[in-house]
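Structure first, commentary second.
All ligand and atom numbering here is 1-based and tracks the order in the structure. If you're wondering where the values come from, they're calculated on a predicted model, not measured in any experiment.
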Amino acid sequence: MARADVMVLGAGIVGTSIALHLAKRGLAVALVDRGGVGEGTSYGNTGIIEGNTIFPQVFPSSWKTLLRVALKRAPEANYHLSFLPQVAPWLAAFRAASSPERLAETATLMRPLFARAIPEHEALVGEAGAERYVRRNGWLKLYRRDRSFAGQARELELAAKLGIANVPLDAEAARALEPSLSPVFRHAVHWTGAMSVSNPLALTRAYAARFAALGGVTINADARTLRRASPHWRVDSAAGPIDANDAVIALGPWAPDLLAPLGIKLPFAVKRGYHRHFRPSGNAALSRPILDTDTGYCLAPMEQGIRLTTGAEFAARDASPTPVQFDRLMPAARELFPLGEPLEPKPWLGARPCLPDSRPIIARVPRQRGLWLAGGHGHWGLTLGPATGRLIAEMMTGATPFCDPKPYDAERFMQ
Ligand SMILES: Cc1cc2nc3c(=O)[nH]c(=O)nc-3n(C[C@H](O)[C@H](O)[C@H](O)COP(=O)(O)OP(=O)(O)OC[C@H]3O[C@@H](n4cnc5c(N)ncnc54)[C@H](O)[C@@H]3O)c2cc1C
């Protein structure tokens, strides 16, 4: 039987970063996954480490947008009709959290985590020798309409107050940075401080290799076998049981698979998202990720090709893929950038693990001694993985946490 101080369940960017932070503090750590490191949601994201984020994604406030979504004409969102009754309470809570006052509150409560996103990645990138995957040239948000650019005024004002670097550009100046973009947009904001990666899977694997170099062990096992074997937590693997004093659930969208049998009900939902790689036509190239704000998709240069990622799809996590958003957005994407042939036969599907107030849970699980939870990072799991790893490792080892962890506790949903 293997014994560890801590077992971290889930080897996505969040679990791997936690395991690495714990190993750096001298703990014996087992990182458990039923698949390969980084092959879950963390495989397929847009690769933006966006320490610049101020406001979360919001529930649409305009009836026009809602109607477009309802009629399944919106490129940025899709839903399965049969899933709506199930997700309705979550959507109501998400909508309530999208009021201007609640958004301002979220921005304040999330800032300490976002402020640490880049420095914490920089530290791990350095230690893991993962430089080759990292770009430090920011990312670009494009606006086709004057009105949508004007809608960013509050965000830019807050960014100025908080000292978050950005440069508003006209189309010509943006095209000086990215000459392959067509001038179909009128404005852009260059968030200059953000990082991005050319291969999110390789980055997570590099962090896992660093964890292994520090003596950490990665084990193939099904985390759903987790149970208490007093006084420890136990998981079964093919090589026998693994026991640990503490267990951290970092299963991304699969966290409820473990929480529900333990009687822990938390309002997790998923915003599914797709990606597909395209060959750029001719000599076209991108040097950083781009968000086409008015259409609602991203283009990111990856080792595999230009990765096009979609917005949110509200559907059951395990329902069959329905990549209909591609049909709605491809004309706009091809108009903006000369995309050639797709490089895979079918799009990849992932599921962003989300909580309705757009804050993750990074906390001890109430009433379960030695059990911790880190999940619900939504649109920002890549960004916040290492900062989450540091925070929870500090909490677990009794060190002073770098920020107040209260906004990320689980009890806010357990009154
Ligand atoms: C299209 C798209 C674009 C995105 N773009 C960005 C971006 O640009 N920037 C950003 O910061 N974030 C982005 N995100 C969000 C980000 O990818 C996620 O928040 C993040 O990957 C979640 O990481 P995680 O470690 O919590 O989950 P995961 O990466 O899903 O890891 C969970 C792990 O648990 C394992 N697991 C599940 N069940 C079991 C079990 N029973 N037993 C053992 N192991 C199990 C899985 O195999 C998996 O490896 C994007 C997401 C999508 C879908």
Just to be sure I'm reading this right: ignoring hydrogens, which of G381, S42, G12, C298 gets closest to atom 23 (O) of ligand 1? Compare them by their nearest heavy atoms.
S42
Could you list the atoms of ligand 1 found under 4.0 angstrom from a heavy atom of A221?
42 (N), 43 (C)
Any N/O of V32 closer than 3.5 Å to an N/O of ligand 1?
no
Does some non-hydrogen atom of G47 fall short of 4.0 Å from ligand 1?
yes
Looking at R102 and F94, would you say the former's side chain and the latter's main chain have a donor-acceptor pair under 3.5 Å?
no
Can you tell me how far apart CG (L201) and CZ (R205) are? Round to the nearest 0.5 Å.
4.0 Å
Taking only heavy atoms of G10, which atoms of ligand 1 are found under 4.0 Å from at least one of them?
33 (C), 34 (O)
Should R317 and D257 count as an ion pair when the cut-off is N to O under 4.0 Å?
yes
Within the structure, does G378 bring an N/O atom to less than 3.5 angstrom of an N/O atom in ligand 1?
yes
How long is the straight-line distance from CG of L384 back to OG1 of T53, given to the nearest 0.5 Å?
8.0 Å
Of the listed options I48, I49, D33, closest to atom 7 (C) of ligand 1 (non-hydrogen atoms)
I48
For the atom pair NZ (K72) and CG (D327), what is the distance rounded to the nearest 0.5 Å?
12.5 Å
Consider every N or O of T41 and every N or O of ligand 1, then say whether any pair is closer than 3.5 Å.
yes
Has ligand 1 got any nitrogen or oxygen that is less than 3.5 angstrom from a nitrogen or oxygen of E39?
no
Just go through L291, T310, D222, L251 and tell me whose heavy atom is the nearest to atom 45 (C) of ligand 1.
L251
Just to be sure I'm reading this right: ignoring hydrogens, which of G51, C354, A223 gets closest to atom 42 (N) of ligand 1? Compare them by their nearest heavy atoms.
A223
Can any side-chain N or O of T225 pair as donor or acceptor with the backbone N or O of D236 at less than 3.5 Å?
yes
How many angstroms lie between CG in N45 and CZ in R307, if you round to the nearest 0.5 Å?
6.5 Å
Will you find, in the side chains of H232 and N245, an N or O donor that is under 3.5 Å from an N or O acceptor?
yes
Do the side-chain N and O atoms of S148 and T293 include a donor-acceptor pair separated by under 3.5 angstrom?
no
Pull out every atom of ligand 1 sitting under 4.0 Å from any heavy atom of W380, numbered as shown with elements.
10 (C), 11 (O), 12 (N)
Give the atom numbers and elements of ligand 1 that come within less than 4.0 Å of a heavy atom of I13.
23 (O), 25 (O)
Ranked by distance from atom 39 (C) of ligand 1, the top protein heavy atom is R34 NE, 3.4 Å
Could you say whether the N/O atoms of G35 and ligand 1 ever approach to under 3.5 Å?
no
side-chain contact (heavy atoms from CB on, under 4.5 Å) assessment of M7 paired with L226:
CA-CA 10 Å; M7 62 171 101; L226 181 77; 4.3 Å; yes
Going by the atom numbers of ligand 1, which of them fall below 4.0 Å from some non-hydrogen atom of G252?
26 (O), 27 (O), 32 (C)
Atoms of ligand 1, numbered as shown, that sit under 4.0 Å from any heavy atom of P253
30 (O)
Measure the distance from atom 24 (P) of ligand 1 to every protein heavy atom, then report the residue, atom name and distance (to 0.1 Å) of the closest one.
V14 CG2, 3.8 Å
Do H121 and Y207 have side-chain atoms, one donor and one acceptor, less than 3.5 Å apart?
yes
So which protein heavy atom does atom 5 (N) of ligand 1 come closest to, and at what separation?
T46 N, 3.0 Å
Given L349, L201, N45, identify the one with the heavy atom nearest to atom 50 (C) of ligand 1.
N45
Going by the angle between their ring planes, with limits at 30° and 60°, are H187 and F149 parallel, tilted or perpendicular?
parallel
Is H379 near ligand 1, meaning one of its heavy atoms is under 4.0 Å from it?
yes
Residue, atom and distance of the protein heavy atom nearest atom 2 (C) of ligand 1 read R352 NH2, 3.5 Å
Establish, from distance only, whether the side-chain atoms of Y133 and N199 form a donor-acceptor pair under 3.5 Å.
no
